[in-house]
Asks: 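Supplied in structure tokens, the structure appears directly below.
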There are 2 protein chains.
Amino acid sequence: MGKHHKKLLNNLEQLRMSAGLTQEKLSESAGVSRVSINAIENGVYVPSTVLALKIARTLNCTVEEVFQLPQ
Amino acid sequence: MGKHHKKLLNNLEQLRMSAGLTQEKLSESAGVSRVSINAIENGVYVPSTVLALKIARTLNCTVEEVFQLPQ
DNA sequence: TAATGATGTAAAGTATACTTTACAATAGTT
DNA sequence: AACTATTGTAAAGTATACTTTACATCATTA
């Protein structure tokens, strides 16, 4: 249903679970609220580059592995 | 003097010039205004992840090569 | 069946990314 | 000396990231 934006795709849920982390743990590691992680994971909004780098670092990934431009 | 933020470092000027691009050309390729590229290059603010990915793609780099977290 | 952990989502406020317009400064032409 | 290209920067407005609080849902476990 006209879900969310399409400016940015992500593999966050999959990578986060592979790392054995909850949204809350990831949010603590990234220094943001759990609500923010949830919103990013569900495509509600696009994170800042600082947050993308912190998330990727926590997940031992590159930013490009976590987030992709559409098409 | 208390220049700008320190939340994010970048190699934008160097990489942009190595690619033979002006701020204006890079801004066109990334789909933002020249003023935004200038501000990001000078650390005035942190770009969104969408913009970081577009900049990195234009420069044939990874986001991590262009932008780094401090320390 | 109560309690707990994990997630989804809404609302309302604050911070900041990004825009357009405009103008100044410098360097390299012609 | 005038022109052009590039960059820096300011101001003011709009869009959106991110916050806290709160509550609902679902699955698991005591």
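Reckoned from all heavy atoms, side chains included, excluding hydrogens, waters and symmetry mates.
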Asks: Between B:Asn42 (CG) and C:dA17 (P), how many Å, whole number?
Replies: 14 Å
Asks: Quick one: is C:dG5 close enough that its OP1 or OP2 comes under 4.0 Å of any side-chain N or O from A:Gln23?
Replies: no
Asks: What is the separation between atom CD on A:Glu28 and atom P on C:dT7, rounded to the nearest whole Å?
Replies: 12 Å
Asks: Could you check B:Lys7 against A:Glu13 and say which one's nearest nucleotide on DNA chain C is further toward the 5' end?
Replies: A:Glu13
Asks: Between atom CG in B:Leu53 and atom P in C:dA17, what is the gap in whole Å?
Replies: 17 Å
Asks: Closest nucleotide of DNA chain C for B:Tyr45 versus for B:Arg34: which of these residues is on the 5' side?
Replies: B:Tyr45
Asks: Is any side-chain heavy atom of A:Glu65 closer than 4.5 Å to one of A:Asn11?
Replies: no
Asks: Would you say B:Ser48 reaches C:dC18's phosphate, i.e. side-chain N/O to OP1/OP2 under 4.0 Å?
Replies: yes
Asks: B:Arg16 side chain N/O closer than 4.0 Å to the phosphate oxygens (OP1, OP2) of D:dT6?
Replies: no
Asks: Measure from CD1 on A:Ile40 to C1' on C:dT7 and round the result to the nearest Å.
Replies: 15 Å
Asks: How many whole angstroms separate atom CD1 of B:Ile37 from atom C1' of C:dC18?
Replies: 11 Å
Asks: Rounding to an integer number of Å, can you tell me how far A:Met17 CE sits from D:dA27 P?
Replies: 14 Å
Asks: So, OP1 or OP2 of C:dA6: does either fall under 4.0 Å of a side-chain N or O from A:Thr22?
Replies: no
Asks: Does one hydrophobic cluster hold both B:Val35 and B:Val44, with members joined at side-chain heavy-atom distances below 4.5 Å?
Replies: no
Asks: Does B:Asn38 put a side-chain nitrogen or oxygen below 4.0 Å from OP1 or OP2 of D:dT7?
Replies: no
Asks: Rounded to whole Å, please give me the gap between CD in A:Glu24 and C1' in D:dT21.
Replies: 14 Å
